[in-house]
Structure formats: structure tokens, C-alpha cells
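Only one structure is covered here, and it is reproduced in the block below.
Here is the naming used below: chain letters follow the sequence lines, and residue numbers restart at 1 for every chain. Only heavy atoms go into these numbers, but all of them, side chains included; no hydrogens, no water, no symmetry mates.
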There are 2 protein chains.
Amino acid sequence: MAEEKQDAEIKIKEAARRVFLAQGYEGTKMRQIAEAAGVNLAMINYYFRSKEQLFNSIYAETFSQFIGQVVQLINESTPLEVKVWKIVDRYCDFLVENPLVPGFILSKQRVDGGEFFKKLDVRGVIENSVFKKQLAEETEKGNIRSTDPLQVITVILGSLVFPIMAQQVVSYVGGLDNKGFREFMEERKQIIPEMIMAYLKVK
Amino acid sequence: MAEEKQDAEIKIKEAARRVFLAQGYEGTKMRQIAEAAGVNLAMINYYFRSKEQLFNSIYAETFSQFIGQVVQLINESTPLEVKVWKIVDRYCDFLVENPLVPGFILSKQRVDGGEFFKKLDVRGVIENSVFKKQLAEETEKGNIRSTDPLQVITVILGSLVFPIMAQQVVSYVGGLDNKGFREFMEERKQIIPEMIMAYLKVK
DNA sequence: GTCTATATCGTGATAGAC
DNA sequence: GTCTATCACGATATAGAC
């Protein structure tokens with residue numbers, strides 16, 4: 001009764017990702033994943049040794065996705081102002097399509113002494129970025145003020161991530177339905193870059 | 001062997017708050033709370049009927065604290081620009097002192113049809129705010145551009161909440177120790193208001 | 001590779017003595 | 001009000017047949 005090859009492994013991982021993202025580590029039960037994947041409970045422990053191992057592989061992938069997007073965008077070779085607009089536009093789209101990712105990533109407090117981050121090689125990813133160089137150059141030319149790139153990046157990320165994570169509260173407070181919330185996020189694509197540039201251009 | 005009056009109830013609640021904030025609902029075990037409170041496991045079920053009820057009372061309190069701060073700040077009768085600076089300053093301090101609050105609040109996805117929010121009466125809390133009136137007035141006078149107050153508030157909150165929630169990642173990426181991170185947040189108290197005002201003043 | 005059955009443990013909650 | 005002892009259940013994980 002062999003399933004087609006071993007795409008059971010893939011189905012398990014996809015199902016696990018859905019459930020873990022929605023309910024977190026402790027909130028997720030192995031039986032839920034089995035059911036969502038349409039496989040037997042024992043199969044999960046056959047392909048992945050344990051719940052923790054299954055979770056870790058999914059966490060690592062999702063973290064890479066979450067931060068990889070940023071790394072890629074800040075290193076593109078577009079002019080500074082265009083780049084700011086592009087980062088916001090792309091990352092906003094990513095978040096709207098993957099609204100559970102930030103909460104999932106940020107919920108896990110990794111206190112393994114930074115071992116996890118080391119493997120992903122993210123230290124200094126901003127220090128060595130094209131984005132940082134561009135900020136320095138434009139400052140040199142007198143076009144913008146001197147600024148810490150990490151501050152700029154975290155303003156962009158925070159401004160986009162927060163409403164996604166707090167969608168329920170934001171929608172309720174603002175009286176927005178789903179359509180209204182999407183429009184709210186679309187409007188942000190314009191506001192955030194304008195705000196960043198307005199700040200930078202004050203000398 | 002009566003403890004002094006029934007301050008056991010208070011000790012339980014304080015301990016529960018600490019543990020729930022750090023580990024979330026599912027991640028928290030009743031036995032942990034009992035140990036942290038220095039009371040017997042049975043005592044918790046004596047004072048609070050169940051884990052869920054204990055959690056709910058703490059969640060409600062913490063949510064009020066989280067959003068109550070904002071409501072109060074946006075309704076103060078200080079001039080617009082001063083107010084923006086004050087909101088950022090106060091909320092930043094609050095978050096630095098209570099770094100676990102946002103993750104705790106945002107982790108719970110309340111899908112009780114908005115019943116929870118209704119009780120707290122937060123709908124339209126921005127729509128009816130002094131802050132909104134001030135934005136409208138200054139726009140009228142031609143001092144600032146026309147803007148959605150909800151967009152402004154969520155930029156402020158997001159810019160402050162995100163680095164707090166992502167402290168580990170931000171610190172690692174930026175190569176910051178604890179002292180460096182605190183300085184990073186202090187620097188933000190200046191950057192965020194300047195950014196908001198720079199944006200608003202573009203007509 | 002896939003299933004059933006089960007071992008083992010941890011959890012929330014309570015009964016009942018004091 | 002406070003404790004000990006325990007119940008009832010559900011969780012992860014595995015053994016072992018097919």
C-alpha cells in the first residue's frame with residue numbers, strides 16, 4: 001500500500017507548517033498534523049524523529065524566508081529612493097500573503113546562545129549591505145542626513161509587521177472589514193516610503 | 001495554617017502573570033505557577049476555577065494596560081507636535097520595562113466575534129480621539145498634510161513594538177549587547193517623532 | 001513504508017483529610 | 001484555607017505485524 005514514492009514526507013511537512021504557524025509549538029498536537037496531512041500518526045515519527053525535530057526544520061526554513069527576503073532586497077543594485085519603495089512594496093506583499101509568519105518567528109525565544117543565528121550567518125548582514133553603503137554615499141553627497149541603517153530597516157519592518165500581527169485589534173479599533181484592512185495595507189505602501197524619505201531628506 | 005489573609009490569591013496572580021507572559025498559555029503549566037507563587041497546586045484551583053479563567057483575567061488586565069496607555073496619551077491636551085514626542089517617549093519606556101507584553105497580547109488570536117473587544121470599548125477609540133481632531137485642525141490650517149490617524153498611530157506603535165519583540169534578532173544582526181540595545185531604543189525616541197513630523201509637514 | 005496497539009508520562013482538576 | 005493523594009485524560013513515542 002505504498003503511497004506514491006515518499007511524498008508523504010512532503011505532505012507531512014506542509015501540514016506541519018500550516019498547523020505550527022497557526023498554533024505554535026505547544027499549541028500543536030502531533031495528531032492534528034497527522035490528520036491535516038492525511039497520514040497515520042506513526043508516519044510522522046518515521047520520517048521525523050520527534051515533534052521537536054519536525055518543528056525545528058520548519059522554524060529554520062521559515063526564519064530564512066522571513067529574513068532572506070530582507071537581505072535580498074537591501075542588497076539589490078537600485079538607487080536608494082527606488083529601493084526604499086521596492087522594499088516596502090515587496091515585503092508588504094509578502095506579509096499580506098503570509099500573515100502568520102512574523103508571529104511564528106517572533107514567538108519562539110531562542111536562547112541557545114546565538115547558535116541558531118550563527119548557522120544562518122545573519123550577523124553583520126546590514127553592516128555589509130549595499131543599503132548601508134548607499135546611505136553613507138548619499139550622506140557624503142549631502143543629499144540626506146546621517147542615519148543608522150538598522151534604525152531605518154527596523155522602522156520599515158515594524159511599520160509593516162505590526163499591523164499584520166495586530167490585524168484583529170487594528171481592524172476592530174478602526175472599524176475595518178477584511179477589504180478595508182487590505183486597503184489599509186495598500187495605503188501603507190505609499191506612506192512608509194514617503195515617511196522614510198521625508199525623514200532622510202531633512203539635513 | 002492560614003497564610004496572612006488571602007494574599008495567596010495575589011501571589012498566584014503575580015506569579016501567573018510572569019509565567020504566562022514568558023511562556024504563553026499552552027507553554028505554561030499549572031505546577032509552574034504554583035511553584036513560582038510558592039503555593040500548592042490545589043490552591044490555584046481553589047481561587048480560580050480553571051487555568052483558562054486564570055489566564056483570561058490576566059489577559060484582560062494586560063490588554064487594557066497595553067492599549068490603555070495609548071488611549072490616554074492620544075487624548076491628552078498637548079499640542080500636536082509635543083504630543084507625538086510624548087507618545088513615543090512614554091510608550092517606549094513602557095515597552096522597555098514590559099518587553100513581554102506585546103508578544104503576549106498579540107500571540108492570542110481572539111476569535112470570539114469581537115466580544116472581547118466590545119467589553120473593553122475600544123471601537124472608534126481613535127475616531128473619537130483628540131489626536132484625530134488635532135490632525136484635522138492642523139490640516140485645515142495648512143500646517144500639515146491630510147492623513148489617516150490610524151496609519152500614524154500604527155507606524156508609531158509598530159516602530160516601537162517590533163524591535164522589542166525581535167530584540168534577539170535585532171541585537172544579533174546589529175551586533176548589540178544589552179547596553180547597545182537600550183541605546184538603540186533611546187535613539188528611537190528621537191528618530192520616530194522626527195520621522196512622523198517630517199512626513200506630516202510635507203504638503 | 002504503513003498500519004494497529006500500547007507503553008509511558010505529564011497534564012488539569014478534584015476529593016477529602018485537617 | 002491549605003494540604004496530600006489521586007483520578008481521568010491526552011500527549012509523544014515506539015514496538016511489532018503486515
(request) Indicate yes or no: at least one non-hydrogen side-chain atom of B:E138 is less than 4.5 angstrom from one of B:L200. (result) no

(request) Classify the ring geometry between A:F116 and A:F63 as parallel (under 30°), tilted (30 to 60°) or perpendicular (over 60°). (result) perpendicular

(request) Give every residue pair that meets the salt bridge (charged side-chain N to carboxylate O under 4.0 Å, His left out) criterion with at least one member in residues 50-74 of chain B, sequence neighbours excluded. (result) B:K13-B:E61

(request) Give the rounded distance in Å between these two atoms: NZ of B:K11 and C1' of D:dG1. (result) 13 Å

(message) In terms of relative ring orientation, are B:Y91 and B:F66 parallel, tilted or perpendicular, with 30° and 60° separating the classes?
(response) tilted

(request) Calculate the interatomic distance between B:I12 atom CD1 and D:dG1 atom C1'; express it in whole Å. (result) 11 Å

Could you run down the sub-3.5 Å N/O contacts of the protein with nucleotides 8-15 of chain C?
{"residue": "C:dG12", "atom": "OP1", "partner": "B:K51", "partner atom": "NZ", "Å": "3.0"}
{"residue": "C:dG12", "atom": "OP2", "partner": "B:M30", "partner atom": "N", "Å": "2.9"}
{"residue": "C:dG12", "atom": "N7", "partner": "B:R31", "partner atom": "NH1", "Å": "3.1"}
{"residue": "C:dG12", "atom": "O6", "partner": "B:R31", "partner atom": "NH2", "Å": "3.4"}
{"residue": "C:dA13", "atom": "OP2", "partner": "B:K51", "partner atom": "N", "Å": "2.9"}

(request) Classify the side-chain pair B:Q190/B:E194 by whether it contains a donor and acceptor separated by less than 3.5 Å. (result) yes

(request) Would you mind reading off the distance between B:E9 atom CD and D:dG1 atom P, rounded to a whole angstrom? (result) 9 Å

